[in-house]
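Notes for the one structure printed next.
For reference, positions follow the sequence shown, starting with 1.
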Amino acid sequence: QVQLVESGGGLVQAGGSLRLSCAASGNIVSINRMGWYRQAPGKQRELVAAISNGGSTEYTGSVKGRFTITRDNAKNTVWLQMNSLNPEDTAVYYCNANHIVHSSGSIAAYYWGQGTQVTVSS
């Protein structure tokens with residue numbers, strides 16, 4: 001089993017910054033892609049940013065230039081630095097780990113974290 005533990009959410013004023021972190025633990029050999037999704041009330045969950053184990057990144061258009069995703073493969077940890085936050089960024093942010101190879105040799109498609117609330121006040 002793999003657990004994803006997120007931290008770093010909270011309440012911030014518009015224009016402020018937050019840094020989210022997500023650490024994966026368990027019998028892990030490698031994780032192909034790690035990313036952050038978010039879900040605002042009444043909306044579908046959407047990809048915010050993702051990073052491969054080789055360092056390739058992708059971002060949804062609304063966060064480009066404001067958010068930065070990084071990861072440490074050795075620690076199975078991913079971070080999301082969020083700057084210039086605005087109220088439209090308010091959502092529950094979920095960590096995702098994709099294509100996990102376990103020490104047993106088995107492969108899991110994905111795991112989700114429990115979510116962390118980010119609230120940006122105007």
Side-chain angles (χ1 to χ4, degrees):
Q1 270 290 0
V2 171
Q3 283 190 322
L4 301 182
V5 179
E6 301 144 335
S7 62
L11 173 64
V12 66
Q13 288 188 331
S17 298
L18 284 174
R19 190 185 193 217
L20 306 182
S21 66
C22 171
S25 62
N27 295 321
I28 301 170
V29 173
S30 65
I31 302 174
N32 181 27
R33 193 175 92 151
M34 300 186 77
W36 291 93
Y37 289 71
R38 66 186 179 187
Q39 187 166 19
K43 294 187 177 181
Q44 289 189 331
R45 191 174 297 189
E46 65 170 352
L47 174 68
V48 176
I51 184 167
S52 72
N53 54 10
S56 297
T57 60
E58 63 177 292
Y59 298 91
T60 192
S62 63
V63 309
K64 284 182 179 178
R66 300 188 297 123
F67 292 10
T68 302
I69 188 169
T70 55
R71 71 183 278 182
D72 184 326
N73 290 335
K75 296 181 179 180
N76 293 319
T77 300
V78 63
W79 297 271
L80 184 67
Q81 178 67 42
M82 305 185 294
N83 299 328
S84 301
L85 285 160
N86 59 61
E88 289 70 37
D89 296 314
T90 295
V92 178
Y93 283 69
Y94 296 91
C95 178
N96 173 270
N98 180 272
H99 193 90
I100 302 97
V101 179
H102 295 287
S103 55
S104 64
S106 65
I107 297 173
Y110 57 86
Y111 289 95
W112 290 99
Q114 79 283 358
T116 185
Q117 177 70 46
V118 171
T119 303
V120 185
S121 63
S122 57

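I28 has its side chain out of reach of S103: every pair of non-hydrogen atoms, C-beta onward, lies at least 4.5 Å apart. Side-chain contact between T68 and T70 is present, with heavy atoms from C-beta onward closer than 4.5 Å. At least one side-chain heavy atom of Y110 sits less than 4.5 Å from a side-chain heavy atom of N96. Counting only heavy atoms from C-beta outward, the side chains of L47 and T60 never approach each other to under 4.5 Å.
Under a 3.5 Å cut-off, the side chain of R19 and the backbone N or O of M82 do not form any donor-acceptor pair. Using a distance-only test at 3.5 Å, with no hydrogens or angles considered, no donor-acceptor pair links the side chain of S84 to the main chain of G15. The backbone N or O of T77 sits nowhere less than 3.5 Å from a side-chain atom of R71 that would complete a donor-acceptor pair.
Residue pairs satisfying the disulfide (SG to SG under 2.5 Å) criterion with at least one member in residues 23-79, sequence neighbours excluded, are absent. For the side chain to side chain donor-acceptor pair (under 3.5 Å) condition, the pairs that include at least one residue of residues 22-37, sequence neighbours left out, are R33-Y37, R33-E58.
In terms of hydrophobic clustering, with Ile, Leu, Val, Met, Phe, Trp and Tyr side chains grouped at heavy-atom distances under 4.5 Å, W79 and V118 are assigned to different clusters. Linking Ile, Leu, Val, Met, Phe, Trp and Tyr whenever their side-chain heavy atoms come within less than 4.5 Å leaves L4 and V92 in two separate clusters. Under the 4.5 Å side-chain contact rule for hydrophobic residues, V101 and Y111 do not share a cluster.
Note that CG of D89 is 4.0 Å distant from CZ of R66, once rounded to the nearest 0.5 Å. With values rounded to the nearest 0.5 angstrom, L85 atom CG is found 8.5 Å from T90 atom OG1. To the nearest 0.5 angstrom, S21 atom OG is 9.0 Å from E6 atom CD. Atom CG of L80 and atom CE of M34 lie 12.0 Å apart (nearest 0.5 Å). Interatomic distance, R38 CZ to L20 CG, rounded to the nearest 0.5 Å: 11.0 Å. One finds the OG atom of S17 at 5.5 Å from the CD atom of Q81 (value rounded to the nearest 0.5 Å).
Here the shortest heavy-atom pairing between N98 and I31 reads O-CG2, 3.8 Å. Across all non-hydrogen atoms, the minimal contact from S122 to A14 is CA-CB, 4.3 Å. The two residues G8 and L18 come nearest to each other via the heavy atoms O-CD2, 3.8 Å.
Taking the centre and axis of the six-membered ring of Y94, the NZ or CZ atom of R45 falls inside the cone set by 45° and 6.0 Å.
Judged by distance alone, the side chains of S104 and S106 do bring a donor and an acceptor atom under 3.5 Å apart.
Counting heavy-atom neighbours within 6.0 Å of Q3 CD, excluding the residue itself, gives a total of 12 or less.
Taking T119 as the reference, Q117 meet the side-chain hydrogen bond (donor to acceptor under 3.5 Å, both in side chains) condition, with sequence neighbours excluded.
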Practice task
Kindly determine whether I69 and Y59 satisfy side-chain contact (heavy atoms from CB on, under 4.5 Å), including the steps that lead there.
Solution key: CA-CA 9 Å; I69 188 169; Y59 298 91; 3.4 Å; yes

